[in-house]
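Please read the structure below before turning to the comments.
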Amino acid sequence: MVFALFLAGLIAVMLFAPDTDVARWLHRSTVEEPIGLIERLERKHILFLIVGLFAIQAYAAVLPAELAIALAWDMTAYVDAMIATWALSTLARFHSMKAWAAVRMAALLAPFRRLRVRARRNRPVRSDTRKPAANDDDPWPTRIAA
């Protein structure tokens, strides 16, 4: 209880007196530095913490520590590849689902959409005075001598 009151006092100093040296030091050491540490974390670090530590514990029972760490690191690489593959396949399925939904919505909304009535185009009237074909003497199809 006393520790919670102490932390509440520190937060009160940071909130109600932000321009003091103590509040700046508290902000730098409790907010900015931890965020800086978290910013440097990458996906491989988190995977190694989650998967690798469990694997190290399992491998360390039967293998030397160095080999257990190497196998755990190898396992995290496989898990990372599986997660990347899963993410890409999910993205592809999402794109196909989005296209399917667009087609379905267009089909559902088609009766409600006002169709534009196009004006009739006046086509020029063709005269029936066409010239005959240049070579219409030969019968069709031409017989070929065997």
Side-chain angles (χ1 to χ4, degrees), residues 1 3-63 65-136 138-142 144:
M1 183 70 179
F3 185 67
L5 288 174
F6 175 71
L7 289 178
L10 293 179
I11 291 172
V13 167
M14 287 176 22
L15 286 176
F16 298 119
D19 295 331
T20 61
D21 291 335
V22 173
R24 279 190 232 118
W25 176 79
L26 282 171
H27 187 269
R28 187 174 52 252
S29 62
T30 59
V31 176
E32 292 174 5
E33 289 178 8
I35 287 176
L37 290 173
I38 292 172
E39 278 181 344
R40 289 186 295 211
L41 279 179
E42 294 178 18
R43 185 179 67 224
K44 62 183 178 183
H45 298 122
I46 295 169
L47 278 175
F48 186 71
L49 283 174
I50 294 170
V51 176
L53 293 180
F54 288 120
I56 287 173
Q57 184 179 6
Y59 290 143
V62 292
L63 298 172
E66 294 81 14
L67 190 56
I69 291 172
L71 287 175
W73 186 259
D74 188 43
M75 181 182 263
T76 58
Y78 291 134
V79 170
D80 190 21
M82 287 183 350
I83 289 173
T85 305
W86 174 77
L88 288 174
S89 68
T90 303
L91 183 69
R93 284 182 185 237
F94 178 73
H95 283 300
S96 65
M97 182 195 68
K98 192 169 73 171
W100 176 81
V103 168
R104 288 290 296 160
M105 287 302 291
L108 287 173
L109 295 177
F112 302 110
R113 192 177 343 141
R114 287 196 307 174
L115 298 175
R116 290 190 329 175
V117 178
R118 297 180 77 184
R120 289 184 158 210
R121 284 189 287 185
N122 292 332
R123 294 185 181 180
V125 179
R126 283 189 167 181
S127 63
D128 288 337
T129 58
R130 293 185 195 173
K131 294 181 182 178
N135 187 12
D136 57 355
D138 296 336
W140 179 257
T142 306
I144 300 175

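Side chains are part of it too, since the values below use all heavy atoms of this structure and drop only hydrogens, waters and symmetry mates. Note that the coordinates shown come from a computational prediction; the quantities given were computed from them, not determined experimentally.
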*Nearest-0.5 Å distance, CG of residue L26 to CD of residue E32*: 11.5 Å

*Grab the two heavy atoms, one from S29 and one from P34, that are nearest each other, plus how far apart they are.*
O-CD, 3.6 Å

*Dump the intermediate steps for side chain to side chain contact (heavy atoms under 4.5 Å, CB included) on L71 and L67, then the final yes or no.*
CA-CA 6 Å; L71 287 175; L67 190 56; 4.3 Å; yes

*Under the ring-ring contact (aromatic ring centres under 6.0 Å, His included) rule, collect the residues that match up with W25, sequence neighbours excluded.*
none

*Atom CG of L49 and atom CG of L41: how far apart are they, to the nearest 0.5 Å?*
7.5 Å

*asked:* To the nearest 0.5 Å, what is the distance between CD1 on I46 and CD1 on I38?
replied: 9.0 Å

*asked:* Using only atom types and a distance under 3.5 Å, with no angle test, would you say the side chain of R28 pairs donor to acceptor with the backbone of E33?
replied: no

*Report yes if some heavy atom in the side chain of V22 is under 4.5 Å from a heavy atom in the side chain of M14; otherwise report no.*
no

*Inter-residue atom distance I50.CD1 - H45.NE2, 0.5 Å rounding*: 13.0 Å

*If you look only at pairs with a residue in residues 82-104, which of them pass as a side-chain hydrogen bond (donor to acceptor under 3.5 Å, both in side chains), with sequence neighbours excluded?*
none

*May I ask you to test the V79-I83 pair for a side-chain heavy-atom distance under 4.5 Å?*
yes

*Value rounded to 0.5 Å, distance of CZ in F16 from CD1 in I11*: 10.5 Å

*Atom CG of L15 and atom NE2 of H27: how far apart are they, to the nearest 0.5 Å?*
10.0 Å

*What pair of heavy atoms forms the shortest contact from A17 to A23, and how long is it?*
O-CB, 3.0 Å

